[in-house]
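This report concerns only the one structure given below.
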Amino acid sequence: MMSTGSSIFSIWPMLFFIINGLFMLLGLYALYLLIKLMIRAITALEIYIDEKRNRRL
């Protein structure tokens, strides 16, 4: 009886480690997508400013 209880409790830290790793990967992917979005927004802003300066419609 004690061996099954101790084996269940030894699984929990590994499970939390795996879940923590998945959340870290998800956070890194969200950061990557945010950086890509910011680069596109800066490019669009530069194009908009260039069109306004040169009065192209």
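The hydrophobic cluster around Ile39 extends to Leu31, Ile35, counting ILVMFWY residues whose side-chain heavy atoms fall within less than 4.5 Å of a member. Cluster note: Leu28 groups with no other residue, as no ILVMFWY side-chain heavy atom lies under 4.5 Å from it.
When side chains are defined from C-beta on, Ile19 counts as touching Leu15, because their heavy atoms get closer than 4.5 Å.
Taking Leu34 as the reference, Met38 meet the side-chain contact (heavy atoms from CB on, under 4.5 Å) condition, with sequence neighbours excluded. Not counting sequence neighbours, the partners of Leu22 by the side-chain contact (heavy atoms from CB on, under 4.5 Å) test are Ile18. Partners of Phe16 by side-chain contact (heavy atoms from CB on, under 4.5 Å), not counting sequence neighbours, listed by chain and number: Trp12. Residues meeting the side-chain contact (heavy atoms from CB on, under 4.5 Å) test with Ile42, sequence neighbours left out: Glu46.
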